[in-house]
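A quick note: this is a predicted structure, and the numbers were derived from the prediction, not measured.
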Amino acid sequence: MTETTTVVKAAEETTTKLVDISRFKMPESYKRILFNEKIQENWKKQFKLPQGVRVIKTSTSVCPVCNRQLPMVVYEENNAIWLQKTCPEHGTFTDMYWGDAEMYYYFLQWDNPDYIGKGVANPNTTLDYYEEAGGCPFGCGLCPVHKTNTALAIIDVTNRCNMKCPVCFANAFAAGYVYEPSLEQIEYMMRTLRNEKPWAPNALQLSGGEPTIRNDLPEIVSMAKKLGFDHVEVNTNGIRVANEPDFYKKLLDAGISTLYLQFDTINPTNKGVWRHRLYDPKAYAALKNKVIENARKLNHHSIVLVVTMAKNYNEKDIGEILDFAIKNRDVVRWINVQPVSFSGRAKTDYSKEELRNFRITIPDVIIEVEKQTGGKISRWDWRPVNWPVALGKMMEALTGKPKPLFTNNPVCGASTFIYYDEDKDDIVPITKLVDVDAFEKDIWDIYNTAAKGGVWTQVGKVKTLKLLRHVKHKAVKDLLQDVLISKSYESLGKFMMNVVGLGIMHFMDTMNFDVQRIQRCDIHYAEPDGRIVPFCTLNNFHREKIEHSFKVDSKEWLKLHPGKFLSGFA
């Protein structure tokens, strides 16, 4: 074999490793890069990439050591998506961006201008502030550059905690100080959020630390309801609501909508559970079961199971967790998987080698779900978190009122719905019940019709009845028709009690940080200084500085609160 033949053969073998992207509806912005040989060669040379890869985009990231802003390249190699960046002081960093290239290109179909928002009409900070702070991700506010409204607002009501989890974003119970906003400060933050235009967020999560440590949490929930937050959820490890059902009832009486329950596993033999003070897996499982039991007794039907997931830890438990949710579907409404993000305490407690060992991405989780359900929920039954943009825009056009638009970057998250068919005693993904892609196409058609205004709005409303044609399951079709025509919501409620949502949200750390993603984030923290800060920028760059501005030394706090504890409920 000649040298030339060897080179050609090697090139052919390398080429076979790249995904065939011709079958995906790629946005024009990506086509210009993916099919342009000159751009491909220039970027490979600039970032010193091998010839066998495919460059997808460039963006801005940061050095995970010094936080310096760095140019970053995202590329395909060996059926995975990688990122690479080089700090002149600390060297080159490579990390997994998405674990499956084929699914990445599939999700990119939703990364086009129709799914990109216009930000807020009244930013909390100025462009001058943004530029003086060094741009993104350091000039947060929300700033005039941010592209997405607040869909879910978060307020940290304390950094005290009765656990010490090694993957805590907030480094709770270990910061050496107490950050616990007063009721007046919390009200100010809520009002700041509700002042956002054109859409005032109506979903609020009370987080921490462990929010239930605050005895006045029911008062905070009540305050949120009075200020117009329709959906108020409490992020909790479950200890207090399991052991004090009376406190749980106080939260419900105050108007809490959902418990956002830490739930890494239900497997009593998984001895790898990270959760400090509940390291015994039997105790961990017993506690979570107790929360479910209390919810059922108190007639509360809205718990989200929140799974911090990592490789070699609990990725093999997702099937069991789904079974648990289906079994308890009268109480559990959703499973939210959060692939571990190495920020906060996790960034300092683990070595680079350990971080690589634990890294798991959205498609990795999706593929585990496929395997552990025997293919009943396949990788193609998922859609990106910004899929509902069409629905939001349609509702705006039909009602003439602004609606929340989930204009995230599509690679930030994924979701699907699982229906439990009682007749067949089996689970069915939403895509088997509804042709969701044809459904979405018709929604865009209705939006484009109604957006013309005048008589076309009424034409759009009439067109909505045609959406039923995409429902493939006869019982579901009859149900929805009954709801639309007869307004029979009782049967719809029964149907929804057999539905469990399944979502994945991968928050970024300084290793995989991407400015293009963060500028479209719709999960935002309100802060006592009047700013609203995207989730991933707060936990990687801003939290410590903000908390230090409002902190109280631990010893001083104990003097001011005699009889209380940094980690207790007194």
(message) With heavy-atom distances below 4.5 Å as the criterion, would you say the side chains of Pro534 and Thr537 are in contact?
(response) yes

(message) Is the terminal nitrogen or CZ of Lys225 (NZ for Lys, CZ for Arg) located under 6.0 angstrom from the six-membered ring centre of Phe229 and within 45° of that ring's axis?
(response) no

(message) Centre-to-centre under 6.0 Å for Trp98 and Tyr105, is that the case here?
(response) no

(request) Could you tell me whether Lys441 and Asp445 make a salt bridge, using a distance below 4.0 angstrom between a side-chain N and a carboxylate O? (result) no

(request) Considering non-hydrogen atoms only, spot the tightest contact between His470 and Phe439 and give its length. (result) CD2-CA, 3.6 Å

(message) When you compare the side chain of Val434 with that of Lys472, does any pair of heavy atoms fall below 4.5 Å?
(response) no

(request) List the steps, then state whether side chain to side chain contact (heavy atoms under 4.5 Å, CB included) holds for Asn386 with Val389. (result) CA-CA 6 Å; Asn386 65 341; Val389 165; 4.2 Å; yes

(request) Could you tell me whether Glu368 and Lys316 have a side-chain N and a carboxylate O separated by less than 4.0 Å? (result) yes

(message) How long is the straight-line distance from CD1 of Ile155 back to CD of Gln205, given to the nearest 0.5 Å?
(response) 11.0 Å

(message) I'd like to know if Arg379 and Glu370 make a salt bridge, using a cut-off of under 4.0 Å between side-chain N and carboxylate O.
(response) yes

(request) Compare all side-chain heavy atoms of Asn540 with those of Pro137 and state whether any distance is below 4.5 angstrom. (result) no

(message) Quiz question: by atom type and distance under 3.5 Å, do the side chains of Gln109 and Lys25 form a donor-acceptor pair?
(response) no

(message) Can you tell me how the ring of Phe535 sits relative to the ring of Phe507, calling it parallel under 30°, perpendicular over 60° and tilted otherwise?
(response) parallel

(message) Tell me if a side-chain donor or acceptor on Gln262 pairs with a main-chain N or O of Asn237 at a distance below 3.5 Å.
(response) no

(request) State which residue, out of Ile303, Asn336, Val234, Thr236, fulfils the side chain to side chain contact (heavy atoms under 4.5 Å, CB included) condition with Tyr260. (result) Asn336

(request) Ignoring hydrogens and angles, tell me if any N or O in the side chain of Gln40 forms a donor-acceptor pair with the backbone of Arg54 under 3.5 Å. (result) no

(request) Mind listing the closest non-hydrogen atom pair of Val500 and Val332 along with its distance? (result) CG2-O, 3.9 Å

(request) Decide if the gap between the ring center of Trp382 and the ring center of Phe107 is smaller than 6.0 angstrom. (result) no

(request) Report yes or no: does Ser257 contribute a side-chain atom to a donor-acceptor pair with the main-chain N or O of Val232 at less than 3.5 Å? (result) yes

(request) Taking only Lys NZ, Arg NE, NH1 and NH2, and the carboxylate oxygens of Asp or Glu, determine whether Lys290 and Glu293 approach each other closer than 4.0 Å. (result) yes

(message) Hydrogens and angles aside, do Thr407 and Lys147 bring a side-chain donor and acceptor to less than 3.5 Å of each other?
(response) no

(request) For Asn270 and Asn314, indicate whether the former's side chain and the latter's backbone hold a donor-acceptor pair under 3.5 Å. (result) no

(request) Would you check, one step at a time, whether the test side-chain hydrogen bond (donor to acceptor under 3.5 Å, both in side chains) holds for Asn299 with His301? (result) CA-CA 6 Å; Asn299 203 30; His301 306 290; 2.7 Å; yes

(request) Name all pairs fulfilling the side-chain hydrogen bond (donor to acceptor under 3.5 Å, both in side chains) condition that reach into residues 430-440, sequence neighbours left out, sorted by first residue then second. (result) Trp110-Glu440, Tyr115-Glu440, Asp381-Thr431, Asp381-Lys432, Arg383-Asp437, Trp387-Glu440

(request) For the residue pair Ile292 and Arg296, establish whether any side-chain heavy-atom pair is separated by less than 4.5 Å. (result) yes

(request) Grab the two heavy atoms, one from Leu18 and one from Gly52, that are nearest each other, plus how far apart they are. (result) CD2-O, 3.7 Å

(request) Could you tell me which non-hydrogen atom of Phe406 sits nearest to which non-hydrogen atom of Pro388, and how far apart they are? (result) CD1-CB, 4.2 Å

(request) Please check if the side chain of Asn328 supplies one atom and the backbone of Ala325 the other of a donor-acceptor pair under 3.5 Å. (result) no

(message) Could you check whether atom CH2 of Trp380 has more than 12 heavy atoms from other residues, nucleotides or ligands sitting under 6.0 Å from it?
(response) yes

(request) List the steps, then state whether side-chain hydrogen bond (donor to acceptor under 3.5 Å, both in side chains) holds for His473 with Tyr419. (result) CA-CA 11 Å; His473 192 285; Tyr419 173 65; 5.4 Å; no

(request) State, yes or no, whether a side-chain contact exists between Ile81 and Tyr75 at a heavy-atom distance under 4.5 Å. (result) no

(message) What I want to find out is whether Lys466 reaches Asp442 closely enough, with some N-O distance under 4.0 Å, to be called a salt bridge.
(response) no

(message) Would Asn539 and Tyr525 count as a side chain to side chain contact (heavy atoms under 4.5 Å, CB included) here? Give the steps.
(response) CA-CA 10 Å; Asn539 288 308; Tyr525 286 88; 3.4 Å; yes

(message) Working to the nearest 0.5 angstrom, can you tell me the gap between His146 NE2 and Asn124 CG?
(response) 11.0 Å

(request) Find out whether Tyr104 and Val411 are in side-chain contact, i.e. whether some heavy atom of one side chain is under 4.5 Å from a heavy atom of the other. (result) yes

(message) side chain to side chain contact (heavy atoms under 4.5 Å, CB included), that's the test. Do Ser59 and Val74 meet it? Break it down for me.
(response) CA-CA 8 Å; Ser59 183; Val74 175; 5.6 Å; no

(message) Is there a side-chain contact between Phe324 and Ile335 in this structure, where contact means two heavy atoms from C-beta onward sitting under 4.5 Å apart?
(response) no

(request) Report the residues that fulfil side chain to side chain contact (heavy atoms under 4.5 Å, CB included) with Lys424, sequence neighbours left out, ordered by chain and then residue number. (result) Asp421, Asp426

(request) Evaluate whether atom NZ of Lys249 has more than 12 neighbouring non-hydrogen atoms of other residues, nucleotides or ligands under 6.0 angstrom away. (result) no

(request) Report yes or no: do Asn267 and Thr265 form a side-chain donor-acceptor pair below 3.5 Å? (result) no

(request) Would you check if there is a donor-acceptor pair between the side chains of Thr361 and Asp364 at a distance under 3.5 Å? (result) yes

(message) Please identify which of these residues, Asn408, Thr150, Thr148, meets the side-chain hydrogen bond (donor to acceptor under 3.5 Å, both in side chains) condition with Asp522.
(response) Asn408

(request) Using atom types as modelled and distance alone, determine if a side-chain donor or acceptor of Thr399 lies under 3.5 Å from a backbone N or O of Met395. (result) yes

(message) Any salt bridge linking Glu28 with Lys31? Criterion: basic side-chain nitrogen under 4.0 Å from a carboxylate oxygen.
(response) yes

(request) Show your reasoning for whether side chain to side chain contact (heavy atoms under 4.5 Å, CB included) applies to Met72 and Thr60. (result) CA-CA 5 Å; Met72 176 184 78; Thr60 300; over 6 Å; no

(request) Measure from the side-chain N and O atoms of His524 to the backbone N and O of Cys521, and report whether any donor-acceptor pair falls under 3.5 Å. (result) yes

(request) Mind listing the closest non-hydrogen atom pair of His231 and Thr258 along with its distance? (result) CE1-OG1, 3.1 Å

(message) Donor-acceptor check, side chain of Asn78 to backbone of Ala80, threshold 3.5 angstrom: yes or no?
(response) no

(message) Has Asn122 got a side-chain atom pairing as donor or acceptor with Lys197's backbone, closer than 3.5 angstrom?
(response) yes

(request) Examine distances only and state if a side-chain atom of Arg333 and a backbone atom of Arg329 form a donor-acceptor pair shorter than 3.5 Å. (result) yes

(message) In the structure I gave you, are the side-chain heavy atoms of Val471 and Leu433 within less than 4.5 Å of one another anywhere?
(response) no

(request) Determine whether the side chains of Asn112 and Tyr30 contain a donor N or O and an acceptor N or O closer than 3.5 Å. (result) no

(message) Using the side-chain hydrogen bond (donor to acceptor under 3.5 Å, both in side chains) definition, which of the options Gln516, Arg520, Lys57 pairs with Asp111?
(response) Arg520

(request) Taking all heavy atoms of Ile446 and all of Thr464, pick out the closest pair and write down the distance. (result) CD1-CA, 3.8 Å

